[in-house]
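Have a look at the structure below before the remarks.
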Protein chains: 2
Amino acid sequence: MAKPSAPSDFPRPFTTVDVVIFTVLNEALKVLLVQRPSGRGEPFPGQWALPGGYVDIDQDANLLACARRKLLDKTSVRSPYLEQLGSWGSATRDPRGWSATHAYFALMPAQAVQLSKGANAADVNWFDADEVLASPSLAFDHDEILRAAVDRLRSKVEYTSLPAFLLTEPFTLPQLQKMYEIVLGRPVDKSGFRTRMLAADFLEEVGVVESSAYRPPMGYRLKDRALPVFFPRTFSPRGEQ
Amino acid sequence: MAKPSAPSDFPRPFTTVDVVIFTVLNEALKVLLVQRPSGRGEPFPGQWALPGGYVDIDQDANLLACARRKLLDKTSVRSPYLEQLGSWGSATRDPRGWSATHAYFALMPAQAVQLSKGANAADVNWFDADEVLASPSLAFDHDEILRAAVDRLRSKVEYTSLPAFLLTEPFTLPQLQKMYEIVLGRPVDKSGFRTRMLAADFLEEVGVVESSAYRPPMGYRLKDRALPVFFPRTFSPRGEQ
DNA sequence: GGAATAGTGTCTTTGAGACATTATAGA
DNA sequence: TCTATAATGTCTCAAAGACACTATTCC
């Protein structure tokens, strides 16, 4: 035989990928959840869960590709910001047996999303992230994964340009500031914010945006759509830290 | 039957855990590697690799427990600093088939380690991390994983107390500073270093250490042996960033 | 007293936070 | 001219970096 065989005496855990998809909608941080199917033998029937599922070894070249597939499947968004969050594996997290999931988290502008309802996942919807965390009731260990994703997001927003991925281009600095404020859950000083964003040199002017009333703001787009920028220090109001 | 069965139509990738174990030895950052066995059907025979292996669903309650087991196995160290690094999974990383590994990274004082040579892993040894990275030749995608681990370590050392886990207690501030300098690969100002460490309030005086010549330094131990402390800002010499 | 290491003090500068002020548009 | 939003300026202060200085031990 050409390919060395894997040890057959090791029963394999099953392998899944879950994606925590964030957006900002109605001034709040939202997370995408899907309803578990209620067929026979299905775990957590009818409960809400993170979108995800089995790795398909024929279809998925690697874990990231698998995450992108599941993401495209539910949102029809092709290339949002996507990063690995961590993995969770244990004998008990899935009643069907030892399983390990590779969790990713994604950021996307709400406007870009086309929720694909129906099909196998009975329903798909945006939920207020903090409300879900306040009364945890997701399937599997998804409350824990969501908690980790929100913590990671909030902490990275303190020192990166991540919120820019929640907006469609061109966006304005006041809009971007608003994204920071919504995710962080607190106001941010305008002057310092602007200085910081412009000093980080990751934005490109694309001309004044018209549409709005009053003084029209400058429009910007990302110089590099692929990666966030890291700031040298975190946002932090005087008293804290 | 009591337990719902997993979908049998999904061939499962196999699941492994690998551990990047760091220590500081002879003024250099070292990583623990094991030599791949050379039996029939074994991938990468004779090549060096990160310690790790299959998740044993009977023995391992969860991924962390599996990592701890593999670590104890090779070093006889029971509870070093251990954190999840990420996961790597693809159709091609292991010639035996689609596999996903959950990578952890660990820090331990060199004195605590009892290398367990022999057995299945023909040999186990410490290697200079930067030398390994300079001429990548590890089995599987372990060069990539090591790269990620070193990057993560160096970046976290800039703003956390991680290097304290490379020392046995009690340790002195000059010793701790040395750990920072070795990992970062650059000198650190003594005064600022001391201010910073003491301000972070994670150390406890345990009396002057005798043994050494000249002025005897104060000995310290960690207030909380479980978690590192995060500093509000990174170390960064003037010119940079 | 000299040498070597441990530990402290002082000056400067950077950059963030707070808040006041100016700029530009529509009504 | 008034109002609402966009954008900039100014003052203060905390903390880091650089480096000089003091302290304690052994020889």
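The chains referred to below are lettered A, B, ... by the order of the sequence lines, with proteins before strands, and numbering in each begins at 1.
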Round to a whole Å and report the spacing from [atom1] of [X] to [atom2] of [N].
{"X": "A/Phe193", "N": "D/dT8", "atom1": "CZ", "atom2": "C1'", "answer": "16 Å"}
{"X": "A/Met197", "N": "C/dA16", "atom1": "CE", "atom2": "P", "answer": "10 Å"}
{"X": "A/Tyr214", "N": "D/dT5", "atom1": "OH", "atom2": "C1'", "answer": "8 Å"}
{"X": "B/Asp189", "N": "D/dA15", "atom1": "CG", "atom2": "P", "answer": "17 Å"}
{"X": "A/Met218", "N": "D/dT5", "atom1": "CE", "atom2": "C1'", "answer": "15 Å"}
{"X": "A/Leu176", "N": "D/dA7", "atom1": "CG", "atom2": "C1'", "answer": "15 Å"}
{"X": "A/Arg194", "N": "C/dG17", "atom1": "CZ", "atom2": "P", "answer": "16 Å"}
{"X": "A/Gln177", "N": "C/dA16", "atom1": "CD", "atom2": "P", "answer": "15 Å"}

Using the ring centroid of each side chain, check whether A/Phe193 and A/Tyr180 are separated by less than 6.0 Å.
yes

Can you pull the salt bridge (Lys or Arg N to Asp or Glu O under 4.0 Å) pairs that have at least one residue in residues 160-174 of chain A, sequence neighbours excluded?
A/Glu169-A/Arg225

Distance-only donor-acceptor check, side chains A/Ser87 and A/His102, under 3.5 Å:
no

Write out a two-atom table: protein N or O, nucleotide N or O from nucleotides 20-22 of chain C, distance below 3.5 Å.
none

Is there a donor-acceptor contact under 3.5 Å from the side chain of B/Thr75 to the main chain of B/Val77?
yes

Any ion pair linking B/Glu204 and B/Arg221 (charged N to carboxylate O, less than 4.0 Å)?
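Yes.
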
With sequence neighbours excluded, residues passing ring-ring contact (aromatic ring centres under 6.0 Å, His included) with B/Phe165
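Here the qualifying residues are B/Tyr81.
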
